[in-house]
Protein chains: 2
Amino acid sequence: MGDMAADANGSLPNPETADGLLIRLLRQLTVESARFAEMFGEAHGLHRTDLNALAVVMDATRRGRRMSPGSLAAALHLSPSATTSALDRLEASGHLRRTRDPADRRKIELDMTEKARRVGSGFFAPLAVEFGDRWREFTPEERATIVRFLTASIEATVTVRGDLAKE
Amino acid sequence: MGDMAADANGSLPNPETADGLLIRLLRQLTVESARFAEMFGEAHGLHRTDLNALAVVMDATRRGRRMSPGSLAAALHLSPSATTSALDRLEASGHLRRTRDPADRRKIELDMTEKARRVGSGFFAPLAVEFGDRWREFTPEERATIVRFLTASIEATVTVRGDLAKE
DNA sequence: GCGAAAGATTCGATCATCGAAATTATTTCG
DNA sequence: CGAAATAATTTCGATGATCGAATCTTTCGC
C-alpha cells in the first residue's frame with residue numbers, strides 16, 4: 001500500500017489527453033513505489049509506520065539533525081503515544097536506540113543502529129542500481145527537463161494540499 | 001504507501017550525483033502524494049484502505065470491469081475478512097453498493113454510487129487543474145522525454161520488486 | 001524554591017486486520 | 001437425481017496499532 005489512492009482518475013479511457021497520460025504514469029509510479037515499500041517492510045518485519053519512522057530518522061541523521069520522539073511524531077503525523085509504541089518496537093528490533101539528551105534531560109535522542117543503516121541501504125541500493133541502469137540513456141538536457149517536471153509536480157501537489165487544508 | 005518509506009536514501013548530502021537528485025525528487029513526490037491522499041481521506045472520513053478500495057473499484061468500473069469482494073481483496077493485498085469490513089464501511093457511508101451477481105449467485109458485484117464518483121473527482125479534479133497549469137510550459141518533445149523517464153522508472157521499481165519477491 | 005510548561009510515557013479504549021470456522025450457492029460425478 | 005467437493009463471502013474471536021487523557025520527570029520564569 002502500502003499504496004495510496006491507488007488507481008482512479010477522471011480521465012476517460014477513450015482519447016487520453018496529454019496531461020492524462022502523465023497523470024496516469026505518476027499514479028502508477030506512486031502505486032508501484034508503495035507496493036515495493038510494503039513488500040520490503042514485510043520481508044524485514046517492519047510495518048509502514050516503522051519504515052516511515054526509520055526513514056525520517058535516517059534522513060534527519062544524514063543531514064546532521066537529531067530527532068526526538070516529539071519531532072518524529074510531528075513528522076509522521078502520529079500521536080505521541082503511538083510514536084512511543086513505534087519506538088518501542090524499533091528499539092526492541094534493534095534498529096534504533098533512545099538516549100537522554102544530557103543538556104535537557106526531558107528530551108530523548110534517537111540514534112540509528114548499524115542494523116538500521118543496513119536496512120536503509122538494502123532498501124535504496126537495489127533501486128539506485130536499477131534506476132541508474134535505466135536512466136543512463138538520458139542526456140543532461142533531458143535530465144534538466146525531468147527535474148523541472150518533477151519539481152513542478154511536487155509543487156502542484158503541495159499547492160493543492162494547501163488549498164485543501166484551508167477548508 | 002500512502003506514503004511509503006518517506007525520506008531517506010543512500011545519497012550523501014555533499015556532492016549529489018545526477019541520479020541522486022532524481023531519486024530525491026521521486027521520493028519527495030511520492031511522499032507529497034501520500035500526504036495529500038491522507039489529508040483528503042481525513043476530510044472525507046475515509047482511511048487509507050477505504051480510499052484505496054474506492055480507487056480500485058473506480059478504476060475497474062472505468063475500464064468496464066466489475067469488481068467482487070474477492071478481486072478487491074487481491075488488488076488490495078488484504079484478507080477477505082478485512083475486505084468485508086472495508087466494504088461494510090463503504091456501504092454504510094454510501095459510497096458503494098453490494099448486489100448479487102444474478103448469473104453466479106455466490107458472487108457479489110460492487111457498484112459505485114454517485115457519492116463515490118463525487119469523491120473521486122473531488123480528489124483528482126483539483127490535482128488535474130494544478131498539474132495542467134504547471135505543465136503548460138512543456139513542449140511535446142519534452143513530454144515525450146518525461147514519459148520515457150516515468151515509464152523507465154516504473155519498470156525499474158517493478159523489476160526490483162520482482163527481485164525481492166524471488167528471495 | 002514553586003508553579004507552570006515541556007517532553008515523553010502509561011493506561012484504557014477503539015477499531016482495522018487477521019486466521020479459522022461457518023454459511024450459502026454452485027459444480028462435479030457416481 | 002443426490003451427495004460430496006468447490007467457490008465466494010461473511011462471521012467470530014483475537015491481536016495489535018493508534019488515540020486521548022492522565023501521569024511522571026525535568027526545566028524555566030518569577
Side-chain angles (χ1 to χ4, degrees), chain A residues 1-4 6 37-39 41-42 44-54 56-57 60 65-93 95-111, chain B residues 1-3 6 34 37-39 41-42 44-54 56-57 60 65-93 95-111:
Chain A
M1 108 193 62
D3 15 348
M4 62 235 35
E38 180 194 357
M39 179 169 292
E42 218 163 289
H44 288 256
L46 296 166
H47 346 237
R48 275 206 97 55
T49 297
D50 302 80
L51 263 188
N52 288 344
L54 263 188
V56 168
V57 174
R65 305 200 182 292
R66 314 284 300 234
M67 294 294 288
S68 68
S71 52
L72 182 60
L76 296 174
H77 297 289
L78 214 57
S79 72
S81 52
T83 306
T84 295
S85 294
L87 290 175
D88 288 346
R89 296 192 296 269
L90 287 170
E91 201 169 28
S93 60
H95 293 99
L96 245 51
R97 263 195 313 272
R98 288 190 254 220
T99 57
R100 296 216 89 92
D101 183 339
D104 184 343
R105 290 180 37 75
R106 288 172 302 183
K107 292 180 187 166
I108 296 262
E109 289 187 346
L110 304 175
D111 298 299
Chain B
M1 244 172 293
D3 29 328
E38 179 193 356
M39 179 169 292
E42 219 163 290
H44 288 256
L46 296 166
H47 345 237
R48 273 199 91 57
T49 297
D50 302 82
L51 264 188
N52 288 344
L54 263 187
V56 168
V57 173
R65 306 200 182 292
R66 314 283 300 229
M67 294 293 289
S68 67
S71 52
L72 182 61
L76 296 174
H77 297 289
L78 213 57
S79 72
S81 52
T83 306
T84 294
S85 294
L87 290 174
D88 288 346
R89 295 193 294 269
L90 287 169
E91 202 169 26
S93 60
H95 293 98
L96 245 49
R97 261 194 315 272
R98 288 189 252 218
T99 57
R100 296 215 89 93
D101 183 339
D104 183 344
R105 290 179 37 76
R106 288 172 303 185
K107 293 180 186 164
I108 296 260
E109 289 187 345
L110 304 175
D111 298 300

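In what follows, chains carry the letters A, B, and so on, assigned in the order in which the sequence lines appear, proteins first and then strands, with residues in each chain numbered from 1.
Neither OP1 nor OP2 of dA8(D) sits under 4.0 Å from any side-chain N or O of Ser68(B).
For Lys107(A) and dA6(C), the NZ to P distance is 12 Å, given to the nearest whole Å. At whole-Å resolution of the value, CG in Leu110(A) and P in dG7(C) are 14 Å apart. dG20(D) atom C1' lies 19 Å from atom NE2 of His77(A), rounded to whole Å. Going from atom NE2 of His47(B) over to atom P of dA17(D) covers 18 Å, rounded to whole Å. As rounded to whole Å, 16 Å separates atom P of dT9(D) from atom CG of Leu90(B). Separating the CD atom of Glu109(A) from the C1' atom of dG7(C) is a distance of 13 Å, rounded to the nearest angstrom. Across the protein-nucleic acid pair, Arg98(A) atom CZ and dT25(D) atom P stand 16 Å apart, rounded to whole Å. Atom P of nucleotide dA7(D) and atom CD1 of Ile108(B) are separated by 18 Å, given to the nearest angstrom.
Interatomic distance, Glu91(B) CD to Arg97(B) CZ, rounded to the nearest 0.5 Å: 9.0 Å. To the nearest 0.5 Å, atom CG of residue Leu87(B) and atom CD1 of residue Ile108(B) are 9.0 Å apart.
Between Val56(B) and Ala75(B), the shortest heavy-atom contact is CG1-CB, 3.9 Å. Taking all atoms of both residues into account, the shortest heavy-atom contact from Pro69(A) to Leu110(A) is N-CD1, 4.0 Å. Between Leu51(A) and Ala37(A), the closest heavy-atom pair is CD1-O, 3.4 Å. Thr83(B) and Ala73(B) get closest at one heavy-atom pair: OG1-CB, 3.2 Å.
Remark: Glu42(A) pairs with no residue by the salt bridge (Lys or Arg N to Asp or Glu O under 4.0 Å) rule, at least two apart or across chains.
In the set dA17(D), dT17(C), dA8(C), the nucleotide with an atom closest to the side chain of Thr49(A) is dA17(D).
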Kindly give the atom pairs (protein nitrogen or oxygen, nucleotide nitrogen or oxygen) under 3.5 Å for nucleotides 22-25 of chain C.
unit_1	atom_1	unit_2	atom_2	d
dA25(C)	OP1	Arg105(B)	NH2	3.4

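The only option from Thr49(B), Leu96(B), Thr84(B) that meets the side chain to side chain contact (heavy atoms under 4.5 Å, CB included) definition with Arg89(B) turns out to be Thr49(B).
When heavy atoms are screened at a 4.0 angstrom cut-off, Ala103(A) is found touching the sugar-phosphate backbone but no base atom.
Residues from residues 78-89 of chain A that place a heavy atom under 4.0 Å from any atom of DNA chain D, listed by number: Leu78(A), Ser79(A), Ser81(A), Ala82(A), Ser85(A), Arg89(A).
Using a cut-off of 4.0 Å between Lys/Arg side-chain N and Asp/Glu carboxylate O, Asp111(A) and Arg66(A) are scored as salt-bridged.
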